[in-house]
Amino acid sequence: MSKTNPGHFFEDFAIGQVFDHATPRTITDGDRAVYGAIYPTRFSIPSSAQFAASVGLDPHPVEELVAFHVAFGKTVPDVSLNAVANLGYAELRFHQPVLAGDTLRTSSEVIGLKQNSNGKSGVVYVRSTATNQRGEIALDWARWVMVHKRDQSLEAPETVVPELASVVAPEDLLLPAGLDFTDYDVTAAGEPFRFDDYEVGEKIDHVDGVTLSESEHMMATRLWQNTAKVHFNVEARPDGRRLVYGGHVISMARALSFNGLANAQLIAAINGGSHTAPAFADDTVYAWSEVLDKAEVDAPGVGALRLRLVATKGRDESMTLKGEDGKYAPGVLLDLDLWALVPR
Amino acid sequence: MSKTNPGHFFEDFAIGQVFDHATPRTITDGDRAVYGAIYPTRFSIPSSAQFAASVGLDPHPVEELVAFHVAFGKTVPDVSLNAVANLGYAELRFHQPVLAGDTLRTSSEVIGLKQNSNGKSGVVYVRSTATNQRGEIALDWARWVMVHKRDQSLEAPETVVPELASVVAPEDLLLPAGLDFTDYDVTAAGEPFRFDDYEVGEKIDHVDGVTLSESEHMMATRLWQNTAKVHFNVEARPDGRRLVYGGHVISMARALSFNGLANAQLIAAINGGSHTAPAFADDTVYAWSEVLDKAEVDAPGVGALRLRLVATKGRDESMTLKGEDGKYAPGVLLDLDLWALVPR
Amino acid sequence: MSKTNPGHFFEDFAIGQVFDHATPRTITDGDRAVYGAIYPTRFSIPSSAQFAASVGLDPHPVEELVAFHVAFGKTVPDVSLNAVANLGYAELRFHQPVLAGDTLRTSSEVIGLKQNSNGKSGVVYVRSTATNQRGEIALDWARWVMVHKRDQSLEAPETVVPELASVVAPEDLLLPAGLDFTDYDVTAAGEPFRFDDYEVGEKIDHVDGVTLSESEHMMATRLWQNTAKVHFNVEARPDGRRLVYGGHVISMARALSFNGLANAQLIAAINGGSHTAPAFADDTVYAWSEVLDKAEVDAPGVGALRLRLVATKGRDESMTLKGEDGKYAPGVLLDLDLWALVPR
């Protein structure tokens, strides 16, 4: 019997099946530093323990995306090792800040299955939950991936497509305990713009770009213990190129969004997201955002902005998401829909 | 109104103007590790908590240049985003060791202005001060940069050129509280040479070279939250090359200087510095030093060496700083003048 | 007198000579994070403080190879700066887990000398011992390197070849105090296979490959304060290539071996090892293992597997170590013989 993990194929998944994913992972200030070396992040809460404490967050949390990537990485060996594509995310909520010293585990339940008409692959929907060393939920989310079938002669399973909210309702956002933006220091944070300064429909070109490098995307992806071969091995794809992990583009875009959204300090939820084109080393990634909605939330001095965060290969000052044909504009790499918490 | 930061232009600066720079930053042991992965540093005080404690430094400080880069990086968005060139440093003093857990902020005051005769740019002089979470000064320094004018039709401001000391007087050096080299362990430190073994005028070829890589200089520069576009984006310069942050060359040269100056453990002050040529990935950087002066200082067993630290592209065993024409010799990248503390 | 270290040549070594190597080094969680960014390691003990505590290891140790690389790096300036080749290792034992906060020093004693018949170089055998801040042994090992002579006219020293065990006897393995695999969680660890599931003679293809990059191998090697020029400087070798530190291949292979050996959690000893071919950036490294032996050890629920860990350039599904000519098969980079601790 082979002792190595070939990953699961479409026919290996069943509705209600639960995966208790391997390798719990303790997060440390070392992860904070490596993250800061790979992404140009400058949000003052994850950057400064002192600033975080001044808004009620003590001990010092790590950036939400650190927790996301760690939690997500654990699902790869069971869920997406044989994935053709990561199709989408929904209903991602951060339940509480993750601190240096916290240990995360992730489990996933299969909540949907839909074989493709070609009989060669199918879509698997899972709901994943990351818990800390006290068994409390740190974050949870749904995602769906297209997975190869091993044996194409097998019959299709019954189609189950879960109902997933297109957006997390503001009243369902979970705010960090103690969060208080009443004495928020805009000078330290870097920009004067508050909740009322942003309007629905407003677009912000984040100006700066970063040229990707092989070492950086591999180091980031490895830090999250994400094992997908295509990110690390030039022999894994016919074109001999290493595909950049989609989460690398998410973190790069989020960090670039500081310039114009410096006060969008915390991500409370990710409503949805699509990796609309592959990214490779030597691509120069830019970002722009659109304010999709605004909402009241129940913490002193805090408001929520629903933002579309778009990463592009090359700068697009026109900030065009889709062409007249309804397809994503050339150069769009990522279309992410999230709720961020800002001072009022 | 645009929400992104276009940076300041020459006409935006006024004498006495103060910038309270954004993004306080907590320094951790993670920064120490990433620093050690990027620079071949082996000075035993920052390397070993035990060695540091044996010379009176407990808790364990991080390398002074970690503090410098963090403090310096904060000034970039306000001072030098539109800089043509970083022209010089002066009067940099480390006031106290920076420890893991310390949070640094930086503010800068404009202390000089001088428009260039071409009317297209000018020199801005600032004095910057980095403070820790207790409001105590961690380090301060002056620097001057050449900055573009946005509107060349504007009149020149009154010229003010500050008087800056060409060298920090030895009696003005600030020594870490408790520093005591009486029981200094030269074996652990790696070389037997003490204060009396160095002579003014002596030159030391540090022998070793390091070939720069894109990922490493970008990771270092990002770690310091330095946002200057030219370091990260191949589309930011006409030649499509990423310029290496000058501070990367400083840290590389300082680390290389271990071989011959292993006991020049601590930097007390930087008297001046010039980045005399640009550096790029694939350049191989070497370093040599010249002992410029020696001084008594007021701590047990401690002396001060004034050192010229020179980084070169390619090794120059002749250790030539300038040619007969008075210009820097080809290959010289950095000419840095500093005070280091050594055992007597 | 030159202040820089030219390294020792063959005639500089004498039997019984002891080197107290420079630069004690404090290990932190930052090292853990950088290690995890460079190697795809997923063993649950070093990954999770919680898992480690569940098997009796609290506080959280770092991966053994972190300790090995730090301890080994210290020996380079005194032992192998002028080495032609690192010929072998033997009798390496980890005496106790290394924790974040521990400070390691290394000393080496010359235990053997054998001049080569060509009179131009010789083999130096040393036994090295790394101790922590309490003076306790963390690990020790023997290695032998071929070192250049400076003056070929000098007479050969008396030949002394030490007797070194070809394998550490199981009863000589040192187990971490408190180690207890009785309640070992195979789900968290990632694979169900225990001591009894492995058979002597069994081979495991670890499937995954990683393409090496210049920045990553330099960052790793620098993190260990290993100063060998050939790893960092394109001007150090006639072919202009940077040689990958052999320890980088060891750590890469060890990390890749997770896929099939996820429960080979701890390395207790390294019986021997050869770097059979050089590795360079852009090589894609794979690994396979062979179970060489099994042994009882004296800790609850714990058994020991003696494993041959082989790294190859390109995947070799045939897992061929040597050809019919008795020479290593093309593509073999590393042949390492170790004892690993697994749950029973």
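Proteins get letters first, then strands, A, B, ... in listed order; numbering begins at 1 in each.
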Region of B:Q50 in contact with chain C, defined by heavy-atom distances below 4.5 Å
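For B:Q50, the contact with chain C is made by backbone and side chain together.
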
Can you say whether B:I204 sits under 4.5 Å from chain C via the side chain, the backbone, both, or neither, judging by heavy atoms?
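Contact with chain C is through the side chain of B:I204 alone.
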
How about [X] and [Y]: does a side-chain donor come under 3.5 Å of a side-chain acceptor?
X: C:N226; Y: C:H69; value: no
X: C:E109; Y: C:Q17; value: no
X: C:T75; Y: C:R143; value: yes
X: B:S44; Y: C:T23; value: no
X: C:T41; Y: C:E63; value: yes

Residues in [range] that sit under 4.5 Å from chain C, counting heavy atoms only:
range: residues 213-225 of chain B; result: B:S213, B:S215, B:E216, B:M219
range: residues 180-190 of chain B; result: B:D185, B:T187, B:A188, B:A189, B:G190
range: residues 241-266 of chain B; result: B:F258, B:N259, B:G260

From [atom1] ([X]) to [atom2] ([Y]), nearest 0.5 Å:
X: B:L309; Y: B:S289; atom1: CG; atom2: OG; answer: 4.5 Å
X: B:F280; Y: B:K313; atom1: CZ; atom2: NZ; answer: 8.0 Å
X: B:L321; Y: B:D316; atom1: CG; atom2: CG; answer: 10.0 Å
X: C:F72; Y: C:L104; atom1: CZ; atom2: CG; answer: 15.0 Å
X: C:N132; Y: C:Q96; atom1: CG; atom2: CD; answer: 5.0 Å

B:F51 ring center within less than 6.0 Å of B:F43 ring center
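No - the distance between ring centres of B:F43 and B:F51 does not fall below the 6.0 Å cut-off.
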
Is it true that B:Y286 and B:H206 have ring centroids separated by less than 6.0 Å?
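That pair fails the under 6.0 Å test.
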
Which one wins on heavy-atom pair count under 4.5 Å against chain C: [options]?
options: B:V207, B:D205, B:I38, B:L212; value: B:I38
options: B:V285, B:D282, B:V210; value: B:V210
options: B:A100, B:G209, B:G30; value: B:G209

Please classify the contact of [X] with chain B as side chain, backbone, both or neither, using a heavy-atom distance under 4.5 Å.
X: C:R25; answer: both
X: C:P77; answer: side chain
X: C:V34; answer: side chain
X: C:D31; answer: both
X: C:T28; answer: side chain

Using the side chain to side chain donor-acceptor pair (under 3.5 Å) criterion, which residues pair with B:T103? Sequence neighbours excluded.
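B:T26.
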
Below 4.5 Å, heavy atoms only, C-beta onward: do C:H60 and C:L99 meet side chain to side chain?
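A side-chain contact under 4.5 Å is absent here.
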
Stepwise, does the side chain to side chain donor-acceptor pair (under 3.5 Å) test hold for C:D78 with C:H21?
CA-CA 7 Å; C:D78 293 319; C:H21 304 299; 2.7 Å; yes

Under 3.5 Å, side chain of B:K294 to main-chain N/O of B:F195, donor-acceptor pair present?
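The answer is yes, because a donor-acceptor pair under 3.5 Å joins these two groups.
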
Of all the heavy-atom pairs spanning C:S128 and C:T106, show the shortest one and how long it is.
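Smallest heavy-atom distance, with atoms named: CB-CG2, 4.1 Å.
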
Indicate yes or no: does B:R194 engage B:D197 in a salt bridge with an N to O separation below 4.0 Å.
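A salt bridge is absent here (no side-chain N lies under 4.0 Å from a carboxylate O).
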
Pairs of heavy atoms under 4.5 Å with chain B: top-ranked of C:K229, C:E235, C:Q133:
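Among C:K229, C:E235, C:Q133, the one with the most close pairs to chain B is C:E235.
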
